[in-house]
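Count residues from 1 along the sequence. Note that the structure is a prediction, hence the values are computed from the model and not measured.
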Amino acid sequence: MTHSLNAQVFKTDPARFGAMTCQQLWYVEQETLAEGRVCLTSERAKRAFRRAERCISSSESILPKATRTYLDQLRNSARSKGCAGF
C-alpha cells in the first residue's frame with residue numbers, strides 16, 4: 001500500500017480539541033506527525049508509535065498545508081489549556 005501525505009485523514013475533529021485533555025492532545029499531535037512520516041523526537045513518542053511507517057524527515061515542512069494548519073489548531077488549543085510542551 002502506498003502512503004500519500006496528501007491523503008492524510010484527521011481522526012479528531014478540531015472542534016473537539018477544547019474538550020480534550022493535555023494527554024489526548026499530545027497523542028493526537030504525535031499520531032499526526034507519525035502518520036505524516038515526520039521523525040518523532042521524544043522517547044515517549046517513539047515508543048508510542050514504534051509501529052508507524054519509517055519517518056522520512058524531521059521537518060514538518062514535508063506535511064501538506066492542511067496538516068500543518070490542523071497541528072497549529074491543536075497546539076493553540078493545548079497552549080490555551082496550559083499544557084506543558086506546547
Side-chain angles (χ1 to χ4, degrees):
M1 185 170 134
T2 303
H3 179 82
S4 170
L5 292 177
N6 290 321
Q8 188 166 357
V9 175
F10 306 122
K11 294 178 179 144
T12 304
D13 182 339
R16 293 193 51 235
F17 291 161
M20 294 171 70
T21 66
C22 292
Q23 170 64 31
Q24 290 169 325
L25 291 166
W26 175 87
Y27 188 89
V28 171
E29 176 195 39
Q30 298 304 306
E31 179 180 45
T32 302
L33 292 171
E35 288 178 359
R37 299 187 64 191
V38 174
C39 299
L40 304 176
T41 55
S42 75
E43 285 306 313
R44 178 180 170 210
K46 289 175 186 176
R47 280 192 311 273
F49 297 98
R50 66 182 173 270
R51 298 193 192 287
E53 285 190 65
R54 199 173 125 241
C55 68
I56 57 175
S57 177
S58 59
S59 173
E60 292 181 17
S61 65
I62 67 167
L63 298 171
K65 184 172 181 12
T67 302
R68 293 192 311 270
T69 299
Y70 179 81
L71 288 169
D72 286 343
Q73 292 173 309
L74 182 146
R75 292 168 177 155
N76 287 336
S77 182
R79 280 191 290 274
S80 72
K81 290 178 167 290
C83 298
F86 286 94

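- The shortest heavy-atom contact between Leu40 and Gln30 is CD2-OE1, 3.4 Å.
- For Asn76, the side-chain hydrogen bond (donor to acceptor under 3.5 Å, both in side chains) criterion is met by Arg79, not counting sequence neighbours.
- Closest of all the heavy-atom pairs between Thr12 and Phe17 is CG2-CE2, 3.9 Å.
- The OG1 atom of Thr69 lies 12.5 Å from the CG atom of Leu74; values are rounded to the nearest 0.5 Å.
- Taking CZ of Phe10 as the start and CD of Gln73 as the end, the distance is 9.0 Å to the nearest 0.5 Å.
- A donor-acceptor pair under 3.5 Å links the side-chain atoms of Arg68 to the main chain of Leu63, judged by distance alone.
- Of the possible polar contacts, none joining the Tyr70 side chain to the Asp13 backbone as a donor-acceptor pair under 3.5 Å is found.
- A side-chain donor-acceptor contact under 3.5 Å links Gln24 to the backbone of Thr21.
- Every salt bridge (Lys or Arg N to Asp or Glu O under 4.0 Å) that Arg75 has, sequence neighbours left out, goes to Glu29, Glu60.
- Of the possible donor and acceptor atoms, one in the side chain of Ser80 sits under 3.5 Å from a partner among the backbone N and O of Ser77.
- For Tyr27, the ring-ring contact (aromatic ring centres under 6.0 Å, His included) test picks out Phe49, with sequence neighbours left out.
- Judged by distance alone, the side chain of Arg37 and the main-chain N or O of Arg54 form a donor-acceptor pair under 3.5 Å.
- Using a 4.5 Å heavy-atom cutoff, the side chains of Leu71 and Leu33 are in contact.
- Remark: Cys39 SG to Ile62 CD1 distance equals 7.5 Å, nearest 0.5 Å.
- Ser57 and Ser59 get closest at one heavy-atom pair: OG-N, 3.0 Å.
- Leu25 places a side-chain heavy atom less than 4.5 Å from the side chain of Cys83.
- Remark: the backbone N or O of Met20 is paired with a side-chain donor or acceptor of Lys81 at under 3.5 angstrom.
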